[in-house]
Amino acid sequence: MAEFIDPAIVPKVTLPSGEKVPCMGMGTFGSDRVSAEEVSEAVAGAIRSGYRMFDCAACYGNEHQIGEVFKAAFDEGVVERKDLFIMTKVWNDMHRKVEEACTRSIEDLQCDYVDLYFIHWPFPNYHAPFCDVDSRNPESRPFSVEEFMDTYRQCEKLVEKGKIRYIGISNMTIPKLEAVLPLMKIKPAACELELHPCFQQQEQYDYLVAHNIQPVGYMPLGSPRRPERDICPEDVADMQTPEMQEIAKAHGVHPALIALKWAHQRGEISIPFSVHNYVSNLKCVTEDPLTDEEMAKIATLEKGNRLVKGQVFLWEGAKDWHDLWDEDGVIVK
């Protein structure tokens, strides 16, 4: 039997509504290395070891299997639906049919409603699963405020209908946020973005906090197991940096746990995925915090090390993946 971490001792973050939720969730993106069955087995183990937050997505192709796990946990009295915080996302090909996509996720996840529903990417650029990184969909196009807000309005209606409790945005940039935030009736509760020691996105992080939007960090370990197609020669391995190794040695733990402690102490929600180490991932935020000096040392590790570059979402005429991220402060058209 895996060790049980009492959910009551897992630190919380406060959403804009005032609701307190766990600072640590479990990601369910098995990429192309882990089967849906292995992911759902890990989720089953994680619920029983004290996880109460799960980050899902339609495009991961495993919501049906995870739903079986949720139902079993509810039926066996391991946990009640109200005690779980379930997040999922609308995929790019369903931006014009958000309610249909959300209803399917709710049915697949067997969860009655979704706590936080993210717009996975801010444009409807679709690519086939497992496609090559050089693949381009001729229908892909640059970000459109009008199209994005059409998708967002559909999410607002889902809040009004009680199908979702909060709306989330994901993979946004400050220029895109500046363009859409004033147009929203219901403000987003959270934003998912890539965050790890060598890619801290401090400017966007601070922008989100200033606008009362909770940062949710994906790839908090620098994703050593992301799909092969997404690995580039210039990528930095966060956990192999001398600073992370040194701090890990001082605490007698793996550098992965240092990355998670750092993320928690910074104030974000982390959603690491692990088939085997999920108990230690959750436990690490409940004990042995990093010192101010260690936090300051990790703050120096920023290397602009974006690992999810999004190449497959590029449109005809785009130069390269940098065009997706508006690095000059303007939306690239």
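Throughout, numbering of the chain's residues begins at 1 and tracks the sequence. Note that the coordinates shown come from a computational prediction; the quantities given were computed from them, not determined experimentally.
- Lys261 contributes a side-chain N or O that, together with a main-chain N or O of Cys284, makes up a donor-acceptor pair within less than 3.5 Å.
- Closest non-hydrogen pair, Ala57 versus His120, comes out as CB-CE1, 3.8 Å.
- The pair Lys309-Asp235 meets the salt-bridge criterion, since a charged nitrogen lies less than 4.0 angstrom from a carboxylate oxygen.
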Step by step, work out the ring-ring contact (aromatic ring centres under 6.0 Å, His included) result for Tyr218 and Phe29. CA-CA 10 Å; Tyr218 69 77; Phe29 177 48; 9.2 Å; no

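- Of all non-hydrogen atoms in Leu324 and Thr173, the two that sit nearest each other are O-CG2, 4.1 Å.
- A ring pair (Phe, Tyr, Trp, His ring centres under 6.0 Å) with Phe143 holds for exactly one of Phe148, Phe123, Trp315; it is Phe148.
- The closest side-chain heavy-atom distance from Leu257 to Asn277 is not below 4.5 Å.
- The backbone N or O of Gln200 lies less than 3.5 Å from a partner atom in the side chain of Glu302, making a donor-acceptor pair.
- Proximity of a side-chain donor or acceptor of Lys12 to a complementary backbone N or O of Val10 within less than 3.5 Å is detected.
- With Tyr152 as reference, Ile169 is the one residue of Val180, Val98, Ile169 to meet the side chain to side chain contact (heavy atoms under 4.5 Å, CB included) rule.
- Counting non-hydrogen atoms of other residues, nucleotides and ligands closer than 6.0 Å to CD of Glu287 gives a total above 12.
- Within 6.0 Å of atom NZ in Lys249, 12 or fewer heavy atoms from other residues, nucleotides or ligands are found, so the atom counts as exposed in its surroundings.
- In Asp75, the CG atom is crowded: over 12 heavy atoms of neighbouring residues, nucleotides or ligands sit closer than 6.0 Å.
- Between Trp121 and Trp91, some side-chain heavy-atom pair lies under the 4.5 Å cut-off.
- With Gln204 contributing its side chain and Met172 its backbone, the two residues share a donor-acceptor pair below 3.5 Å.
- Residues Phe74 and Gln110 have side chains not in contact (no heavy-atom distance under 4.5 Å, counting atoms from C-beta outward).
- For Asp328 (side chain) and Val330 (main-chain N/O), no donor-acceptor pair under 3.5 Å exists by modelled atom type.
- Contact of the Leu193 side chain with the Val216 side chain is not registered, since no non-hydrogen atoms from C-beta on lie closer than 4.5 Å.
- With hydrogens and angles disregarded, no donor-acceptor distance shorter than 3.5 Å links the side chain of Ser49 to the backbone of Glu3.
- Between the side chain of Glu156 and the backbone N or O of Lys185, at least one donor-acceptor pair lies under 3.5 Å.
- For the pair Glu68 (side chain) and His64 (backbone), a donor-acceptor distance under 3.5 Å is absent.
- Looking at Thr88 and Phe118, their side chains never come closer than 4.5 Å, going by heavy atoms from C-beta outward.
- In terms of modelled atom types and a separation under 3.5 Å, the side chain of Asp108 and the main chain of Glu63 share no donor-acceptor contact.
- Annotation for Arg165 and Val159: closest pair O-CG1, 4.2 Å, computed over non-hydrogen atoms.
- Counting heavy atoms from C-beta on, the side chains of Ile164 and Cys102 come closer than 4.5 Å.
- Between Cys111 and Leu84, every side-chain heavy-atom pair lies at or beyond the 4.5 Å cut-off.
- For the atom pair CG (Asp326) and NE2 (His322), the distance works out to 12.5 Å, reported to the nearest 0.5 Å.
- Asp288 has no carboxylate O lying under 4.0 Å from a charged side-chain N of Lys283, or vice versa, which leaves the two without a salt bridge.
- Here the closest heavy-atom approach between residue Ile269 and residue Pro22 is recorded as CG1-O, 3.9 Å.
- The shortest distance between side-chain heavy atoms of Phe273 and Val34 falls below 4.5 Å.
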For Arg153 and Leu183, run side-chain contact (heavy atoms from CB on, under 4.5 Å): C-alpha distance rounded to whole Å, both residues' side-chain angles, the deciding distance at 0.1 Å, then the answer. CA-CA 10 Å; Arg153 292 269 178 261; Leu183 306 175; 4.3 Å; yes

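- Ion pairing between Lys297 and Glu294 fails under the 4.0 Å rule for side-chain N and carboxylate O.
- Aromatic ring pairs are classed by plane angle as parallel below 30°, tilted from 30° to 60° and perpendicular above 60°; the pair His211 and Tyr207 is parallel.
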After noting the C-alpha distance and the side-chain angles of Val21 and Gln214, does the key distance pass the side-chain contact (heavy atoms from CB on, under 4.5 Å) rule? CA-CA 11 Å; Val21 298; Gln214 172 62 44; over 6 Å; no

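- Under a 4.0 Å N-O distance rule, the pair Lys303/Asp238 does not qualify as a salt bridge.
- Remark: of the listed residues Tyr60, Phe70, Phe85, Phe70 is the sole one forming a ring pair (Phe, Tyr, Trp, His ring centres under 6.0 Å) with Phe54.
- Listed for the Lys176 side chain is no donor-acceptor partner under 3.5 Å among the backbone atoms of Ile331.
- By the 30° and 60° cut-offs, the orientation of the rings of Tyr278 relative to Tyr51 is perpendicular.
- We find that Arg141 and Glu147 are joined by a salt bridge, their nearest charged nitrogen and carboxylate oxygen being less than 4.0 Å apart.
- Salt-bridge check for Arg81 with Asp112: failed, with every basic side-chain N at 4.0 Å or more from each acidic carboxylate O.
- Other residues, nucleotides and ligands place more than 12 heavy atoms under 6.0 Å from the CD atom of Glu327.
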